[in-house]
Amino acid sequence: MSQPFYITTAIAYPNGKPHIGHAYEAIATDAIARFQRLNGREVCFVTGTDEHGLKMDQTARAAGKATRDLADEMSLYFKQMCKTLDISYDHFCRTTAENHHTASQAIWKRLEASGDLYLDRYEGWYSVRDEAYYDESELTDGEEGQKLSPQGTPVEWTVEESWFFRLSKYEQPLLEYYAANPDFIRPDSRKNETVKFVEGGLKDLSVSRTSFDWGVKVPGSENHVMYVWLDALTTYISAIGFPNETEEWRKFWPASVHIIGKDIVRFHTVYWPAFLMSAGLPLPKMVFGHGFLLSRGEKMSKSLGNVVDPIELAQLFGVDALRYFLLREVSFGQDGSYSPEAIVTRVNADLANSFGNLAQRTLSLIFKNCEGRLPANGGHHDDDNALLELIGNAVSKQIPAHFEDLAMSQALEAWMQAVFACNAYVDVQAPWALKKTDPERMETVLATLFMCIAQLAIAALPIIPGSATKLLDQMGVPNEARNFADAGTHWYAQLAESGFQIAQPIGLFPRLELPAEEGVAA
RNA sequence: GGCGAAGUAGCUCAGCUGGUUAGAGCGGUGGAAUCAUAAUCCAUAGGUCGGGGGUUCAAGUCCCUCCUUCGCUACCA
């Protein structure tokens, strides 16, 4: 019986098209999900769009569209991005969906039943232009004594009726939970931040708005819509059936891990667990805050004109090249830097030159020298056994351990070390020379390489699913062997006996060239 | 201001709970090889691990301080 594994990305706010940050999160989450499937777990992978809130409303108005239409349109971009990038989600959730509204209202009622909601007034300096409240300390004095927001817009003292959530009540329970579950927040630096924040004291949270109506209606207070985060976070449970006791719900909640950006750690590690505690539901096992991608070390922004469209990147360099680059080059949890030069260099060195060429040279030798069958395994030498052991250890131990730890870059580093070992082995054994001196030995060497390359391709499936699958298909590796437990088993002899023949091998990782035009920004 | 992250070979970065001659990739240099996507393999490059102080038998690895860069500071992944 396989152990369920439930993983989510953050639910993206689609008031603009997806950018490389969304792509990065989706790719990283997808790699983990794919790994767990290959690791024998039953996986549920959820992503989606968080379509409520003021900004969507404003963006739509500015574009002269109905908010609902904008949401439909934008949400589609995110879905397309997932398709382009080979994101293997099980559910794509939209917060505007009816079942999601039902779920949000259900959790609201639970908070209310726990006595954690109360109606009060929200007062403060409000800027109509910014549609935001500011603290007194943030304001500056403008002309004629008019107070101004940090953005320089006029503010006025405003009183708004609002529902509040007794967040303060959960200060101690949260701290106790963090202490009892050291892996709840990762990486550690994010945990430290969160703990410090909570220790600093929690104020009750305003969880409804009356100033606009694009959202989930508050049960019993129809002029209120729910705070967008309360609604958005609920996606993680509405996606798998809540409030209904569906099979998925019973199987997958609590989530194994929420993968999110470092900027929204607080919502996921303070508010979300507090809501769940209040609702009497179990808490997710882990929240992982990944870093940001920088363009040549600089933050990406529209004004700098260095915003990158992930779809364009994928078209330019290839989906798997992009996936590989992001997961290999960036240490998961830390910020990383992107540039066309970096991706070309990394992908050419690792995928084209090292791994791709290894597969190509090996399969070519087999194709040309073995009369269309797989080479015979004529008894291994020490060198062969050493290589098989090294690859087996990498594929069955090191790489899965790193994946399990969400350390994709380290998994790939171990993977590359194994690739290097294979290339070194090829050069030492020189099968092209054995062809004349000792054909039997040549076949054994090629058979050894075949088994190693297949294992390496299997280990790479979570990262570069498309091309790894193509390679395994070329090699005829049976589906039953394409997972971490069975990659190193004895499928080879059976495959060879089956009479399987490889065709003229086709290179799967073409060398990339730097685009002629500087940068690829839109 | 507060909190946090980072500063390690030319470049991009690994270095967990302190312990033999500080690591990898890329680049550079010198060889080897020619099966393969002009790809591969071997060797090599002498970096005061931001500065200073301290703890310790022993510190990139702990403490203090200073400098630099960056993020967050209650509702934009």
Side-chain angles (χ1 to χ4, degrees), chain A residues 9-16 18-26 49-50 53-55 78 132-133 135 137-138 167 187-190 192-194 196-197 199-200 202-203 205-207 209 227-230 232 259-267 270-271 289-294 297-300 328-331 333-337 339 341-342 345-346 348-354 356-369 405 407 409-410 413 416-417 420 422-435 442 446 449 505-512:
Chain A
T9 66
I11 307 303
Y13 202 74
N15 65 334
H19 58 237
I20 189 78
H22 296 109
Y24 175 57
E25 184 171 302
T49 43
D50 164 22
L54 192 55
K55 277 210 171 149
F78 281 81
Y133 283 93
D135 191 79
S137 62
E138 296 179 278
L167 184 62
D188 279 348
S189 55
R190 303 292 157 219
N192 296 338
E193 283 179 20
T194 304
K196 288 266 165 54
F197 174 75
E199 283 175 347
L202 295 176
K203 284 198 264 183
L205 190 68
S206 166
V207 288
R209 294 294 127 89
Y227 172 45
V228 67
W229 269 107
L230 174 51
I259 304 294
I260 59 166
K262 65 179 183 180
D263 56 332
I264 53 172
V265 166
R266 181 168 305 161
F267 303 104
V270 180
Y271 301 166
H290 67 249
F292 287 162
L293 286 179
L294 309 174
E298 289 184 329
K299 192 170 179 177
M300 288 183 243
R328 172 66 187 94
E329 192 89 351
V330 182
S331 179
Q334 296 205 294
D335 288 354
S337 197
S339 72
E341 293 85 349
T345 302
R346 172 63 76 180
N348 281 348
D350 292 7
L351 291 184
N353 297 351
S354 294
N357 186 230
L358 168 68
Q360 187 69 7
R361 67 199 302 208
T362 303
L363 296 184
S364 290
L365 283 165
I366 293 173
F367 177 72
K368 288 179 186 168
N369 300 321
D405 194 35
S409 63
Q410 289 182 59
E413 194 175 333
M416 275 310 296
Q417 289 303 319
F420 289 150
C422 289
N423 271 322
Y425 172 86
V426 180
D427 280 33
V428 170
Q429 302 301 326
W432 52 88
L434 291 170
K435 178 182 172 183
M442 175 197 76
L446 293 177
L449 282 166
I506 301 161
L508 293 165
F509 304 97
R511 287 178 63 78
L512 301 179

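Letters go in sequence order (proteins before strands), and every chain restarts at 1.
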Pick the [atom1] atom in [N] and in [M], then give their distance to the nearest Å.
N      : M      : atom1 : result
G7(B)  : C62(B) : P     : 12 Å
C66(B) : C72(B) : C1'   : 23 Å
U73(B) : C16(B) : P     : 29 Å
C13(B) : U17(B) : C1'   : 23 Å
G28(B) : G23(B) : P     : 23 Å
U34(B) : C11(B) : P     : 37 Å
U56(B) : C63(B) : P     : 16 Å
G10(B) : U44(B) : C1'   : 16 Å

Distances under 3.5 Å only, N/O to N/O: pair up the protein atoms with those of nucleotides 4-12 of chain B.
| residue | atom | partner | partner atom | Å |
| --- | --- | --- | --- | --- |
| G4(B) | OP1 | K196(A) | NZ | 3.1 |
| G4(B) | O2' | E193(A) | OE2 | 3.1 |

Partners meeting side-chain hydrogen bond (donor to acceptor under 3.5 Å, both in side chains) with T345(A) (sequence neighbours left out) | none
Nearest-angstrom distance from the residue atom [atom1] of [X] to [atom2] of [N]:
X       : N      : atom1 : atom2 : value
L449(A) : C41(B) : CG    : C1'   : 14 Å
D335(A) : U69(B) : CG    : C1'   : 12 Å
Y425(A) : A36(B) : OH    : P     : 18 Å
I20(A)  : A77(B) : CD1   : P     : 17 Å
W229(A) : C75(B) : CH2   : P     : 12 Å

Heavy-atom nearest pair, Q429(A) first then L434(A), reads O-CD1, 3.5 Å
Hey, does N423(A) reach any base, or is it just sugar-phosphate, or nothing, if we go heavy atoms under 4.0 Å?
-> sugar-phosphate
Describe the nucleic acid contact of L446(A) in one word from base, sugar-phosphate, nothing, applying a heavy-atom distance below 4.0 Å.
-> nothing
Syn versus anti for G15(B), judged by chi lying within 90° of 0?
-> anti
Please state whether the rings of W229(A) and F267(A) are parallel, tilted or perpendicular, taking 30° and 60° as the class boundaries.
-> parallel
Between A39(B) and R511(A), is there an OP1 or OP2 to side-chain N/O distance shorter than 4.0 Å?
-> yes
For Y13(A) and A77(B), are the ring centres under 5.5 Å apart with planes inclined under 30°?
-> no
All salt bridge (Lys or Arg N to Asp or Glu O under 4.0 Å) counterparts of K262(A), not counting sequence neighbours = D335(A)
With sequence neighbours left out, the residues meeting salt bridge (Lys or Arg N to Asp or Glu O under 4.0 Å) with E413(A) are none
Salt bridge D50(A)-K55(A), side-chain N to carboxylate O under 4.0 Å = no
Return the polar atom pairs (N/O with N/O) between nucleotides 26-35 of chain B and the protein under 3.5 Å, or none.
| residue | atom | partner | partner atom | Å |
| --- | --- | --- | --- | --- |
| C35(B) | O2 | R361(A) | NE | 3.2 |
| C35(B) | N3 | R361(A) | NE | 3.4 |
| C35(B) | N3 | R361(A) | NH2 | 2.6 |
| C35(B) | N4 | R361(A) | NH2 | 3.0 |

Contiguous Watson-Crick or G-U pair runs (3 or more, under 3.5 Å) in RNA chain B = B:1-7 with B:67-73, B:10-13 with B:23-26, B:28-32 with B:40-44, B:50-54 with B:62-66
Residue whose nearest RNA chain B nucleotide is more 5′ - A424(A) or L351(A) = L351(A)
Taking atom types as modelled, is there a side-chain donor on N369(A) or K435(A) under 3.5 Å from an acceptor on the other?
-> yes
Main-chain N/O of R346(A) paired to E329(A) side chain as donor or acceptor, under 3.5 Å = no
Please confirm whether any donor atom in the side chain of R328(A) sits under 3.5 Å from an acceptor in the base of C13(B), or the reverse.
-> no
Name the closest nucleotide to the N353(A) side chain, picking from C76(B), A39(B), C41(B).
-> A39(B)
Side chain of F197(A) - closest among C75(B), A14(B), A74(B) | A74(B)
So CG of L202(A) and CG of L167(A): to nearest 0.5 Å the spacing works out to 4.5 Å
d(D350(A) CG, M416(A) CE) to nearest 0.5 Å is 4.0 Å
